[in-house]
Amino acid sequence: MASEKTVFDPTPPVSIELHLTNRCNLNCKWCVDRGIRNNPCDLPFDISVRFLNECVKTRIGITIEGGGEPTIYPFFEAFILEAAKREVPLGLITNGVRSLRPDLIKHFQWIRVSVDAGTAQEYLDGKGTDHFESVLHNIEEICKHKLETLVGVGYVLTKENYKNVPTLLWRLLEMQVDFVQIRVLEENDQLKVSPKILSQVKNCIQRNFSTSQMRVIINQRLNTNLTNNDNLPCFAHSIRAIIHADGFLHLCEKRRHDPIILGSLVQNSFFELWNSKARREASLKLLDPRNQIGCTICRITDFNHLFYNLNKIKTKNFI
């Protein structure tokens, strides 16, 4: 194991995932956060503003997203305006059920709306309510007022919703959506698509949308053989952090078998926790491949591969 002197990095994370609330207005059958609904809560507004004050000069990007649906946070609009006053970079992941005030859209660098269905019936089957057309209407309204904001759609691909993806993409293209991010469902073997289905979807998109102005991104990871962070040290654990609606600061969202919680923003500031003994100990732990047993393969694994391969380059000290 490397020494603490060589592994602890006090640099702020590149981005922070901020959960303003863990309440939600949908019931997606694949949701991995369903368990936290048993104790519904919202991040206290004074704590959220204090956190923004810490971010002012750091240029940390804040992604406002789940646990729950952020737009049902009681102080959602007030929080966005407070962030805008401080010029804190914001991104938003929303289910789009609630419309966004047009004057708020300009304060986001990007907005991604989770649709996850190609038809109203697929939406009802997957999410438990019938909001398909109203969500698409809200996306269209966001696009009308987006100015420099990138507007995208998220799509969790399952064996139940893959057939009508092209139908949805044609509608989104007409709305002038900037990008669509299709992600293969993970952590649910019953609904997970097969390699054959994924290949069909990819080929269809390549034929019909490869030259369109709307970028279609597919996360192809099927994770059939890779486990335990692919047995790599978690070099990239410090590029992001997660603040839950209860105020607790998590270093990783995927370690459900062994959560790494640095403390509470209700009791300490973000940077007190970020530079704490708890984070130093966590960094040492995560740099040991033996401590990755039980980890799923996640997007941080991709960064770990990148850093690992860069470290093997013999000319890494030269431009």
Side-chain angles (χ1 to χ4, degrees), residues 10-25 40-114 138-152 154 177-179 238-251 253 262-276:
T11 307
V14 175
S15 65
I16 294 175
E17 298 175 10
L18 179 61
H19 301 181
L20 293 173
T21 181
N22 62 15
R23 296 179 292 117
C24 193
N25 48 6
C41 64
D42 303 308
L43 187 67
F45 185 61
D46 61 325
I47 301 300
S48 70
V49 173
R50 189 181 74 187
F51 167 65
L52 287 175
N53 288 334
E54 291 193 82
C55 295
V56 169
K57 295 183 179 180
T58 64
R59 305 308 296 169
I60 295 173
I62 298 177
T63 300
I64 303 171
E65 58 170 288
E69 166 52 35
T71 61
I72 66 176
Y73 178 59
F75 310 103
F76 175 76
E77 294 178 352
F79 178 82
I80 303 309
L81 294 175
E82 291 292 336
K85 285 194 294 187
R86 294 162 176 79
E87 298 183 345
V88 175
L90 294 179
L92 174 66
I93 299 176
T94 173
N95 60 30
V97 172
R98 288 195 172 188
S99 60
L100 290 178
R101 265 175 38 190
D103 62 300
L104 294 180
I105 293 170
K106 64 184 179 183
H107 298 311
F108 295 100
Q109 292 192 357
W110 58 272
I111 297 171
R112 194 177 82 211
V113 181
S114 301
N138 288 338
I139 294 172
E140 189 170 21
E141 289 301 305
I142 293 171
C143 288
K144 288 178 180 178
H145 299 91
K146 65 182 181 178
L147 298 177
E148 296 182 2
T149 302
L150 286 174
V151 178
V177 166
D178 296 300
F179 68 92
S238 63
I239 65 175
R240 68 166 181 174
I242 306 98
I243 298 173
H244 281 211
D246 59 8
F248 283 94
L249 176 63
H250 292 237
L251 198 54
E253 192 73 313
L262 303 183
S264 172
L265 268 69
V266 176
Q267 299 173 335
N268 299 96
S269 71
F270 173 81
F271 280 106
E272 285 174 341
L273 297 175
W274 190 249
N275 294 302
S276 66

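Residue numbers start at 1 and run along the sequence shown. Since the model is a prediction, treat every value here as computed from it, not as a measurement.
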Check against salt bridge (Lys or Arg N to Asp or Glu O under 4.0 Å), Glu82 and Arg86: CA-CA 7 Å; Glu82 291 292 336; Arg86 294 162 176 79; 2.6 Å; yes
Distance-only side-chain donor-acceptor flag, Glu17 / His244, under 3.5 Å: no
Closest non-hydrogen atom pair, Ala241 against Pro13: N-CB, 4.3 Å
Where Glu54 and Phe271 come nearest, the two heavy atoms and their spacing: OE1-N, 3.1 Å
Cys143 side chain near Val177 side chain, heavy-atom distance below 4.5 Å: yes
Check: Ser99/Glu141 side-chain N/O donor and acceptor closer than 3.5 Å: no
Min side-chain heavy-atom separation Thr149-Ile111 under 4.5 Å: yes
Distance in Å, Ile16 CD1 paired with Ile239 CD1, rounded so as to fall on 0.5 Å steps: 12.5 Å
Minimum side-chain heavy-atom gap Leu92-Pro70 below 4.5 Å: yes
Main-chain N/O of Arg240 paired with Ser15 side-chain donor or acceptor, under 3.5 Å: no
Distance-only side-chain donor-acceptor flag, Asp42 / Thr21, under 3.5 Å: yes
Spacing of Cys55 atom SG and Ile62 atom CD1 [to the nearest 0.5 Å]: 4.0 Å
Taking every non-hydrogen atom, the tightest pair across Asn138 and Gly96: ND2-O, 2.8 Å
Inter-residue atom distance Phe270.CZ - Leu52.CG, 0.5 Å rounding: 12.5 Å
Inter- and intrachain pairs under ring-ring contact (aromatic ring centres under 6.0 Å, His included), touching residues 86-110, at least two apart: none
Residues which pass salt bridge (Lys or Arg N to Asp or Glu O under 4.0 Å) with Asp246, listed by chain and number, not counting sequence neighbours: none
Heavy-atom pair with the smallest gap, counting every atom of Ala78 and Phe45: CB-CZ, 3.9 Å
Any side-chain donor near an acceptor of the partner, Thr63 and Glu65, under 3.5 Å: no
